[in-house]
Amino acid sequence: MPGFEIFGNEERKEVNDVLESGILMRYGFDHMRNGHWKAKELEKAITETFQVGHAQLTSSGTTALSTAMAVMGVGAGDEVIMPTFTFVASFEAIIAAGATPVLVDIDDTLCLDPKAVERAITPKTKMVMPVHMCGAMAQMDELQALCKAHNILLLEDACQAIGGTFNGQKLGTIGDGGTFSFDFVKTITCGEGGVFLTNNEEYFKNADHYTDHGHDHVGSDRGAETHPFLGYNYRISELHAAVGLGQIRKLDHILATQRKNNAVIKAALSQVEGVTFRRIADPAGDNASFLSFFLPTEELTRSAHKALLDNGLGGNFYWYDNNWHYIKKWEHLKNATSLFPLNPGLVEAIGKMDFENFQQSDAIMGRTISSLINLTWTDEQAQERAEKMAATIKSVLS
Ligand SMILES: *Cc1c(COP(=O)(O)O)cnc(C)c1O
């Protein structure tokens, strides 16, 4: 998954362009920047690569989500349906908007269970936010149908699934909006960065303003711009965008490498009785950054995970115990612990949620191991790792 594995002269050249001009800011300074507009160029590369109308770069995936909430009009009193298995940024962005996160179960796709989503819809539901976890997709056809039937917005958190597709459509471009993260460990990295994608002209125009303190960006004189509405500084810097420009051109290579290495590990684990695999709604669209698999019981899964790490097989994750990714350890969310007073309606709504009642998610996550796929393995290394993983798991299961 991590694009940082293959940094090279491409990223260096783009960054040097910026350093030589000395203009690290994405806006203004037109006559001093030697014609370099790395953020604009990266946005163009993203719209072309992902066949989407508009792309607004941001300082992170989290601020891309916050931007999405703002431009899609999600705020105080609104409910946003999101999964129990994601990254903390999902609920952070919802809470920052003043809205209420409504957590619902995942299914064996490791993404939102559409039936659980349907049960969670209330008159206050403004948005459904599927998260395409570990490189593969939520069941977008069913979620789209639900959102359409109930007139609810659909925002894809595709931060972990860049390059993935569902029935031929690029993840992140199927809903009303989508986001990618370019943080340091993502498939494409800028160091830090993110992007909001949309085909909606109005959302895009407002995202452009919102991420730069509400400046309207009309005319070339930054001092003379007006502020149609409140905004924040969620800008990406030219330096970060430059890294991303070098990286995005490697996406096809990254996807091909991940798919090749993922298939090698999967072939070996398929031989182990008791190992089953995450259901992927459209297998051809998996970006293959992880191989996620299930073992028969939580106990065996814990033992196998420990044995893998003991055998030097790092990069195998047991998310069930992970406090970044699974609801079980999100105490700060469950207790609505905040440095400053939160909107009382939100605190009350969180207080009423039954955080212990996610048996379906627990039953799946307790038996899941996700294995990170690296880009720099040689064919021999991938094969050796695959065999060692299979032997380790086999010894635990037998
Ligand atoms: C990484 C990530 C984010 C947030 O991205 P940052 O760039 O780290 O802020 C959001 N959602 C998911 C699912 C992620 O994995």
Side-chain angles (χ1 to χ4, degrees), residues 1-4 39 42 46 55-70 74 80-97 101 103-104 106 109-112 127-138 140 143 154-164 171-172 174-175 177-197 207 211 232-237 239-241 243-244 247-248 258 278 286-290 292 317 319 322-327 329-330 333 361 365 368 370 372-373:
M1 153 143 138
F4 73 72
L42 180 54
I46 290 170
Q56 177 66 47
L57 284 167
T58 56
S59 53
S60 70
T62 308
T63 54
L65 287 171
S66 285
T67 301
M69 298 289 150
V74 172
V80 179
I81 294 177
M82 57 164 279
T84 52
F85 175 47
T86 174
F87 176 62
V88 291
S90 304
F91 62 75
E92 288 171 348
I94 296 167
I95 289 174
L103 285 97
V104 314
I106 55 148
T109 64
L110 303 187
C111 297
L112 277 179
M127 172 184 274
V128 173
M129 185 166 80
V131 185
H132 306 303
M133 279 303 277
C134 302
M137 73 295 299
M140 290 305 293
L143 294 175
L154 182 58
L155 173 67
E156 297 173 78
D157 179 341
C159 287
Q160 294 195 8
I162 193 167
L171 300 181
I174 303 169
T179 62
F180 296 144
S181 162
F182 301 125
D183 81 22
F184 187 58
V185 296
K186 296 303 206 281
T187 304
I188 296 292
T189 183
C190 294
E192 297 285 2
V195 68
F196 168 65
L197 309 167
T211 52
Y232 296 93
N233 175 5
Y234 290 165
R235 293 185 305 259
I236 195 166
S237 82
L239 278 175
H240 291 89
V243 176
Q247 284 261 294
I248 197 106
Q258 286 179 170
R278 166 193 194 175
D286 184 2
N287 95 356
S289 51
F290 284 89
S292 297
F317 296 92
W319 306 120
N322 183 296
N323 69 14
W324 291 90
H325 290 285
Y326 189 59
I327 187 172
K329 298 210 169 157
W330 292 338
L333 169 65
S361 301
M365 293 312 297
T368 303
S370 293
L372 184 67
I373 304 300

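No experiment lies behind these values; they were computed from the predicted model shown. In listed order, ligands and their atoms are each counted from 1.
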Going by distance only, is there an N or O of [X] that falls short of 3.5 Å from an N or O of ligand 1?
| X | answer |
| --- | --- |
| Thr86 | no |
| His325 | no |
| Lys186 | yes |
| Glu192 | no |
| Met133 | no |

At a 4.0 Å threshold, what atoms of ligand 1 neighbour a non-hydrogen atom of [X]?
| X | answer |
| --- | --- |
| Gly193 | 7 (O) |
| Cys159 | 2 (C), 3 (C), 10 (C), 11 (N), 12 (C), 14 (C) |
| Ser60 | 7 (O), 9 (O) |
| Val131 | 13 (C) |

Using only atom types and a distance under 3.5 Å, with no angle test, would you say the side chain of [X] pairs donor to acceptor with the backbone of [Y]?
| X | Y | value |
| --- | --- | --- |
| Glu92 | Thr62 | no |
| Thr67 | Thr63 | yes |
| Thr58 | Gly194 | yes |
| Thr179 | Cys159 | no |
| Thr86 | Pro83 | no |
| Glu156 | His132 | no |

*Using the ring of each side chain (for Trp, its six-membered ring), is Phe317 parallel, tilted or perpendicular to Phe290, with breaks at 30° and 60°?*
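Phe317 vs Phe290 ring planes: perpendicular.
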To check your reading of the model: name the closest protein heavy atom to [atom], its residue, and the distance in Å.
| atom | answer |
| --- | --- |
| atom 9 (O) of ligand 1 | Thr62 OG1, 2.5 Å |
| atom 3 (C) of ligand 1 | Phe87 CD2, 3.5 Å |
| atom 15 (O) of ligand 1 | Gln160 NE2, 2.8 Å |

*Please test Trp319 against Thr368 for side-chain hydrogen bond (donor to acceptor under 3.5 Å, both in side chains), starting from the C-alpha separation and ending with a verdict.*
CA-CA 7 Å; Trp319 306 120; Thr368 303; over 6 Å; no
_Evaluation steps, side-chain contact (heavy atoms from CB on, under 4.5 Å), between Met127 and Ile94_ = CA-CA 10 Å; Met127 172 184 274; Ile94 296 167; over 6 Å; no
*Tell me which one of Asp183, Thr189, Asp157 gets a heavy atom nearest to atom 11 (N) of ligand 1.*
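Comparing heavy atoms across Asp183, Thr189, Asp157, the nearest one to atom 11 (N) of ligand 1 lies in Asp157.
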